[in-house]
Amino acid sequence: MKKSTINDILTEYKKVLHHDLTLYGWVKAFRSNRFIALNDGSTLNTIQIVVNPEQGFSEDLLKMINIGSSLKITGEVVESQGAGQTVEIIANKIEILGDNLYDELQKTILQPKKHSLEKLREEAHLRFRTNLFGAIFRVRSAVSFAIHEYFRKNQFNYIHTPIITGADAEGAGEMFGVTAFDLNEVPRNEAGEVDFEQDFFARKTSLTVSGQLEAETAMMGLGRVYTFGPTFRAENSNTTRHLAEFWMVEPEVAFNNLEDNIDLAEDFLKYVIQYALDNCKDDLAFLDARFAQEQKQKPEKDRAKEGLIEKLENVIAKRFKRVSYSEAIDILMNSKENKKGKFKYPLEGWGADLKSEHERFLVEKHFGCPVVLFDYPKEIKAFYMRLNDEGKTVAAMDVLFPGIGEIIGGSQREERLAVLKEKMELMEVDQKELYWYLDTRKFGSVPHAGFGLGLERLILFVTGMTNIRDVIPFPRAPKSAEF
Ligand code: 4AD
Ligand code: MG
């Protein structure tokens, strides 16, 4: 027989009312030696188990029912007498599956009070046991599913691009090396350099920073593809927006230009956020209440103008503002903030790379909605972006979100072989290494475009959390790779 989850019982209680069933879970609370609040992770909610004293449960058994212990319960589903729940279970049988060794640490973590997020990050499994992280990771799971669903519905094929690669897709040199060498005895060639020809792959390899270049090769035959997998960056940025290992979603579409690409990004983000609103109601209500609580503790001027759910609904309702890089620079240069020297990094003018404070000014203060910036100076963007006709900018796009900054980066790709080669030469990207990429421009090259969404940044936005380490189960960051 299929095991029922607590979510099944609570949502389809009419089917099981007055039936006996077996359920499993962890104790969230135990009141008056009589009422157990049981949770199994299938939902934020608990189900109430009533320990009927007439059943003659032993004192010893009742003593082992503590916050955190795991139980197998058999009992009858009945209409609830108390407020706040529709049904409850009258227990006939209670089996302790795992009692608490109840060391002091577990005791404090499992107590139903607020714990610091930093402290919880040190707890591999108890973190998942909390209401907050249960909600976050159910939302993360639902959003991941919605991403696949969106692409499936739009006839994209899911491509598994490699994790170990020889290519630096972003040309930014922020890669973690992969080797099978004994690091105490690394072979060297005559020039005294590390001799990667003797290494496992007979070449220098790294963990991928992006699956884009491989996705472009697949796009050349399959038309519409997307990747969804882990990517790695050895950038030493210890911020609340960066991870050394994060999950990226990268669609790549034949025959799309920059405008199509922006349309796709907007439609995609809205679909996924709507999916979360429709399918994660309890978890989002919990996160919304938490968000409101957090705002109350801030000085009035720093408080968010909208609640979490309200913010998600507003993002879906409004069209994203599309602004060229040049327009954005004008707005920023003329802003009071820049003139009064309020930016930590004062803007030099056209050609400057935008810092997160500039992006957030545009989104949060100036436009008050998500902003798509496009047509960036070619010098500050990757080699593969398509050169615009005026020769100074490339067909790049970044989607900027309130409270987050850049959530998506993408572009129309340079499909003209000669222009691409020239770009690579200027930017010192090794053409020999990327011969297979250049080949895509030799046999039926097509205009095409794509982008990358940082999954964790989207989850930050949807959950209202502020530190990216709290929306990935096992965060990897400088000096931190626990578990
Ligand atoms: O802007 P990025 O570097 O773009 C690319 O990698 C392209 N190859 C994507 C493409 O066109 N197919 O990264 C894309 C997104 C960023 O907008 C951001 O959301 C996220 O990935 N991202 C990170 N997220 C967490 N930690 C980091 N260190 C991140 N670096 C980028
Ligand atoms: Mg970027």
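Ligands are counted one by one from 1 in listed order, and the atoms in each one are counted from 1 as well. None of the values given here were measured: they were computed from a predicted structure. Side-chain atoms are counted along with the backbone in the values below, which use heavy atoms only and exclude waters and symmetry mates.
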For the Mg ion (ligand 2), find the closest N/O/S atom belonging to Glu406 and write down its atom name.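 Looking at Glu406, the N, O or S atom with the least distance to the Mg ion (ligand 2) is OE2.
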Students should be able to answer this: which protein heavy-atom is nearest to atom 20 (C) of ligand 1, and at what distance?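 The answer is Gly454 CA, 3.6 Å.
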Considering non-hydrogen atoms of the protein only, which is the closest contact for atom 19 (O) of ligand 1, and what is the distance?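 Checked against all protein heavy atoms, atom 19 (O) of ligand 1 sits closest to Ile407 O, 2.8 Å.
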Heavy-atom pairs closer than 4.0 Å: do any link ligand 1 to the side chain of [X], the backbone, both, or neither?
| X | value |
| --- | --- |
| Tyr384 | side chain |
| Thr231 | neither |
| Glu252 | neither |
| Phe246 | side chain |
| Ile408 | backbone |

Ion pair Glu337/Lys340, N-O distance below 4.0 Å: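 A salt bridge is absent here (no side-chain N lies under 4.0 Å from a carboxylate O).
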For Arg241, does its backbone N or O pair with a side-chain atom of Arg457 as donor and acceptor, under 3.5 Å?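 Yes, the answer is positive, given that a donor and an acceptor are paired below the 3.5 Å cut-off.
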Whether the side chain of Ser206 engages the backbone of Val178 through a donor-acceptor N/O pair (distance < 3.5 Å, no angle test) should be reported.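 Such a contact is absent between Ser206 side chain and Val178 backbone.
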Could you check which of Glu250, Arg233, Glu235 puts a non-hydrogen atom nearest to atom 6 (O) of ligand 1?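 The nearest heavy atom belongs to Arg233.
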Tell me the nearest of Met248, Arg413, Glu170 to atom 8 (N) of ligand 1, using heavy-atom distances.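 The residue whose heavy atom sits nearest atom 8 (N) of ligand 1 is Glu170.
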Would you say Val209 and ligand 1 have an N/O pair spaced under 3.5 Å apart?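 No, Val209 has no N/O under 3.5 Å of an N/O on ligand 1.
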Metal proximity, Asp398 vs the Mg ion (ligand 2), N/O/S cut-off 2.8 Å: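 Under 2.8 Å: Asp398 has no N, O or S contact with the Mg ion (ligand 2).
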Option passing side-chain contact (heavy atoms from CB on, under 4.5 Å) with Leu458 (candidates Thr463, Leu269, Val471, Ile408):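 One option only clears the test, and that one is Leu269.
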Knowing that exactly one of Phe268, Phe374, Phe401, Phe367 qualifies, which makes a ring pair (Phe, Tyr, Trp, His ring centres under 6.0 Å) with Phe320?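 That would be Phe401.
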Phe232 heavy atom under 4.0 Å from ligand 1: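 Judged by the 4.0 Å heavy-atom criterion, Phe232 does not count as contacting ligand 1.
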Contact check, Arg457 vs ligand 1, heavy-atom distance below 4.0 Å: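 True for this residue.
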Between Phe128 and Phe137, how do the two ring planes meet: parallel, tilted or perpendicular, split at 30° and 60°?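 Phe128 vs Phe137 ring planes: tilted.
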With a 4.5 Å heavy-atom cut-off, do Pro447 and Gln412 have their side chains touching?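 In short, these two side chains touch, coming nearer than 4.5 Å.
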Can you name the one residue among Lys423, Arg441, Arg386, Lys442 that meets salt bridge (charged side-chain N to carboxylate O under 4.0 Å, His left out) with Glu415?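 Only match with Glu415 under salt bridge (charged side-chain N to carboxylate O under 4.0 Å, His left out): Arg386.
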